[in-house]
Amino acid sequence: MSILKSVSDLIISKDKSEVMIELKHLRLIDKVAKVGSLNKAASELFLTQSALSHQLKELESKLGVKIFHRDKGQLHFTPEGKELRDASSNILYQIENLENKVQEISQSQLKGYVHGYSEFESKRLDNQARTMSDLLHYDSKWEKDSTILEVGCGVGAQTTIVSSKNPECQFTSIDLSETSLVKAQETIASLEIENVTFLKADVYKLPFDENSYDHVFVCFVLEHLDYPEKALLEIKRVLKKGGTLTVIEGDHGSTYFYPESQAARKAIQSQVELQSKNGGNANIGRQLFPLISGVDFTNVHVEPRQVYVDSSKPEMVEGFIKNTFTAMIQGIQDEAVSAKIIAKREMEDGIEDLLKTAVGGTFCYTFFKAKAMK
């Protein structure tokens, strides 16, 4: 009796009642083939022997064939079992290759993060979060006992704010960068915040079941993604029916300042072009409504949150003009010049002129905050 059709066609079925072979069965068969006994296989799979024996009987019952026969305490494959053993080995090999490719894609996404992972960038993100807290997060509040998924937490700059504002909620904060996650955990621990769990995860392949979270929070993440619609669909999958999505993004095209400077505009545009080259979109703020509506979220509402700074607001001059926006342009200076997007002298002049707006000038920038419901 051939069982290859069962292996290839019925590992995963749209109708779960028709599933004949699962990955746990393939791993069982492969492990027994390698170690030669259920006892050793159970140990290496971190299962009890009785649990493994139950899985084996379950599989034999579903397939209607014997996979092993025993001889002097040893397990030997039947002809059907050998066919299943070979197919299992092949399928597991393909899955391992697929997982490796996914990991490579994840690493390439990290490399595409235009701002990098330096200590300079970590400090800039912290400055930005503290400076913009009142403007962006006065309404970042959820019901008591809510479960909230924060996508792309980075070094935890936004995490510290939203988790502190919602002490009776439970946060799961994810990111692809292990380095950033370590910094985020250290920051949260130093502040004695206890309602956050950190996890390394990919927004395109979230390791959560459907309808897992009451709310999802995404801040300054979509602008860095090649496929923001795909990310939103995956976010929607893990969000509960009636749950909400909150997204905050900037828009570099909204930047205005005085004194006017062509060099400063070129410097800003170089960051826009560099981010685009890396697969992102520095002007995504204006696109939030069609993006979120386009993947069938309901009750989509987008609100502009404008930053206006002049010398009457010294804390904003320092916190936003110098330590947030201009620092962001400074942070990509070398990469933009290396990519021949802008000449070194032009970039230096542009940064100098941006700093001039902090001395008797004015500066405007608009963030966009979107809320929607599944």
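Since we're looking at a predicted model, the values are computed, not measured.
- The neighbour count for Glu194 CD, taken as heavy atoms of other residues, nucleotides or ligands under 6.0 Å away, does not exceed 12.
- With values rounded to the nearest 0.5 angstrom, Phe217 atom CZ is found 12.5 Å from Cys169 atom SG.
- Side chains of Glu348 and Gln333 form a contact here, defined as non-hydrogen atoms less than 4.5 Å apart.
- Counting heavy atoms from C-beta on, the side chains of Thr197 and Ser173 never come closer than 4.5 Å.
- With hydrogens and angles disregarded, no donor-acceptor distance shorter than 3.5 Å links the side chain of Ser163 to the backbone of Val196.
- Without hydrogens or angle criteria, Asp30 side chain to Ser88 main chain gives no donor-acceptor distance under 3.5 Å.
- Lys236 has no carboxylate O lying under 4.0 Å from a charged side-chain N of Glu229, or vice versa, which leaves the two without a salt bridge.
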### Candidate pair Leu84 and Glu80, rule side-chain contact (heavy atoms from CB on, under 4.5 Å), full reasoning
CA-CA 6 Å; Leu84 180 58; Glu80 293 83 6; over 6 Å; no
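- The shortest heavy-atom contact between Gly279 and Asp226 is CA-OD1, 3.1 Å.
- Residues Arg345 and Asp349 are paired through a salt bridge, judged by an N-O separation under 4.0 Å between the basic side chain and the carboxylate.
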Name the atoms and distances for all side-chain donor-acceptor pairs under 3.5 Å in residues 49-57, with sequence neighbours left out.
| unit_1 | atom_1 | unit_2 | atom_2 | d |
| --- | --- | --- | --- | --- |
| Ser50 | OG | Thr48 | OG1 | 3.1 |
| Ser53 | OG | Gln49 | O | 3.0 |

### Message
As a quick check of understanding, evaluate side-chain contact (heavy atoms from CB on, under 4.5 Å) for Leu232 and Leu245, giving each step before the final call.
### Response
CA-CA 9 Å; Leu232 288 170; Leu245 167 69; 3.9 Å; yes
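- Surrounding NZ of Lys34 are at most 12 heavy atoms belonging to other residues, nucleotides or ligands under 6.0 Å away.
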#### Entry: Tyr365/Phe367 under ring-ring contact (aromatic ring centres under 6.0 Å, His included): CA gap, chis, key distance, verdict
CA-CA 7 Å; Tyr365 186 89; Phe367 296 96; 5.0 Å; yes
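- For the atom pair CD1 (Ile29) and NZ (Lys31), the distance works out to 13.0 Å, reported to the nearest 0.5 Å.
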Which atom pairs, donor and acceptor, lie under 3.5 Å between side-chain atoms of residues 283-294 and protein residues at least two apart or in another chain?
| unit_1 | atom_1 | unit_2 | atom_2 | d |
| --- | --- | --- | --- | --- |
| Asn283 | OD1 | His252 | N | 3.3 |
| Asn283 | OD1 | Gly253 | N | 2.9 |
| Arg286 | NE | Asp251 | OD1 | 3.4 |
| Arg286 | NE | Asp251 | OD2 | 2.7 |
| Arg286 | NH2 | Asp251 | OD1 | 2.7 |
| Ser293 | OG | Phe289 | O | 2.9 |

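- Of the residues Thr357, Leu354, Thr131, the one that meets the side-chain contact (heavy atoms from CB on, under 4.5 Å) test with Ile321 is Thr357.
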### Candidate pair Glu223 and Gln275, rule side-chain hydrogen bond (donor to acceptor under 3.5 Å, both in side chains), full reasoning
CA-CA 8 Å; Glu223 63 173 301; Gln275 192 156 328; 3.0 Å; yes
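- Side-chain atoms of Gln170 and Asp145, non-hydrogen and from C-beta on, never get closer than 4.5 Å to each other.
- Follow the hydrophobic side-chain contacts under 4.5 Å out from Val238 and you reach Val247 in the same cluster.
- Residues Thr246 and Glu150 fail the side-chain proximity criterion, which asks for heavy atoms closer than 4.5 Å.
- Counting only distance, with no hydrogens or angles, the side chain of Asn90 and the backbone of Asp86 share no donor-acceptor pair below 3.5 Å.
- Counting heavy atoms from C-beta on, the side chains of His137 and Gln158 come closer than 4.5 Å.
- Every residue meeting the salt bridge (Lys or Arg N to Asp or Glu O under 4.0 Å) condition with Lys356, not counting sequence neighbours, appears here in chain and number order: Asp353.
- Comment: Glu178 engages Lys200 in a salt bridge, judged by a side-chain N to carboxylate O separation of less than 4.0 angstrom.
- Neither Phe325 nor Val272 shares a network with the other; the hydrophobic side chains, linked directly or stepwise wherever heavy atoms of I, L, V, M, F, W or Y lie under 4.5 Å apart, form separate groups for each.
- Put simply, the side chain of Gln271 never gets that close to the backbone of Ile332: no donor and acceptor are under 3.5 Å apart.
- Following chains of ILVMFWY side-chain contacts shorter than 4.5 Å, one can reach Leu222 starting from Leu206, so the two form part of one hydrophobic cluster.
- Shown here are the side-chain contact (heavy atoms from CB on, under 4.5 Å) partners of Thr172, two or more places apart in sequence or in another chain: Leu149, Ile174, Phe208, Tyr213.
- Within the 3.5 Å criterion, the main-chain N or O of Ala267 finds a donor-acceptor partner in the side chain of Ser270.
- A cation-pi arrangement, defined by a distance under 6.0 Å to the six-membered ring centre and an angle within 45 degrees of its axis, is absent between Lys82 and Phe77.
- No hydrogens or angles considered: a donor-acceptor pair under 3.5 Å links the side chains of Asp214 and Thr147.
- Ring-plane geometry between Trp142 and His215 is classed as tilted, the angle between the planes lying from 30 to 60 degrees on a 0 to 90 degree scale.
- Stacking of Arg265 on the aromatic ring of Phe257 is recorded, both the 6.0 Å distance cut-off and the 45° axial limit being met.
- Heavy-atom contacts from other residues, nucleotides or ligands closer than 6.0 Å to CD of Gln262 number 12 or fewer.
- Using a distance-only test at 3.5 Å, with no hydrogens or angles considered, no donor-acceptor pair links the side chain of Ser180 to the main chain of Gly154.
- Residue pairs meeting the salt bridge (Lys or Arg N to Asp or Glu O under 4.0 Å) criterion with at least one member in residues 361-374, sequence neighbours excluded, are Asp139-Lys369, Asp139-Lys371.
- Under the 4.5 Å side-chain heavy-atom criterion for grouping Ile, Leu, Val, Met, Phe, Trp and Tyr, Ile351 is not connected to Tyr256 through any hydrophobic cluster.
- Taking the side chain as every heavy atom from C-beta outward, Ile148 and Val216 never approach each other to under 4.5 Å.
- Considering only heavy atoms from C-beta on, Gln185 comes within 4.5 Å of Phe198 through its side chain.
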### Message
The test is side-chain contact (heavy atoms from CB on, under 4.5 Å); show your working for Val203 and Glu234 and say whether it passes.
### Response
CA-CA 7 Å; Val203 66; Glu234 181 66 353; 5.6 Å; no
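- With contacts defined as side-chain heavy-atom distances shorter than 4.5 Å, the pair Leu136/Phe220 qualifies.
- With sequence neighbours excluded, the residues that form a side-chain contact (heavy atoms from CB on, under 4.5 Å) with Tyr308 are Asp310, Lys313, Thr362, Cys364.
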### Query
Can you list the steps and then say if Glu210 with Arg237 is a salt bridge (charged side-chain N to carboxylate O under 4.0 Å, His left out)?
CA-CA 5 Å; Glu210 294 181 6; Arg237 180 185 68 80; 5.2 Å; no
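- A single hydrophobic cluster is not seen to contain both Tyr258 and Ile268; linkage of ILVMFWY side chains at heavy-atom distances under 4.5 Å, directly or through other members, places them apart.
- Applying the 6.0 Å contact sphere to NZ of Lys165 captures more than 12 heavy atoms from other residues, nucleotides or ligands.
- A salt bridge between Glu60 and Lys62 is absent, with no side-chain N of the basic residue lying under 4.0 Å from a carboxylate O of the acidic one.
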### Task
Apply salt bridge (charged side-chain N to carboxylate O under 4.0 Å, His left out) to the pair Glu186 and Lys183, showing each step before the final yes or no.
CA-CA 5 Å; Glu186 290 173 351; Lys183 290 180 180 178; over 6 Å; no
### Task
Give the C-alpha distance, both sets of side-chain angles, the deciding distance and a yes or no for salt bridge (charged side-chain N to carboxylate O under 4.0 Å, His left out) between Glu303 and Arg305.
CA-CA 6 Å; Glu303 182 180 299; Arg305 304 280 172 99; 2.6 Å; yes
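- Counting all heavy atoms, side chain and backbone alike, Tyr204 lies closest to Asp202 at N-OD1, 2.9 Å.
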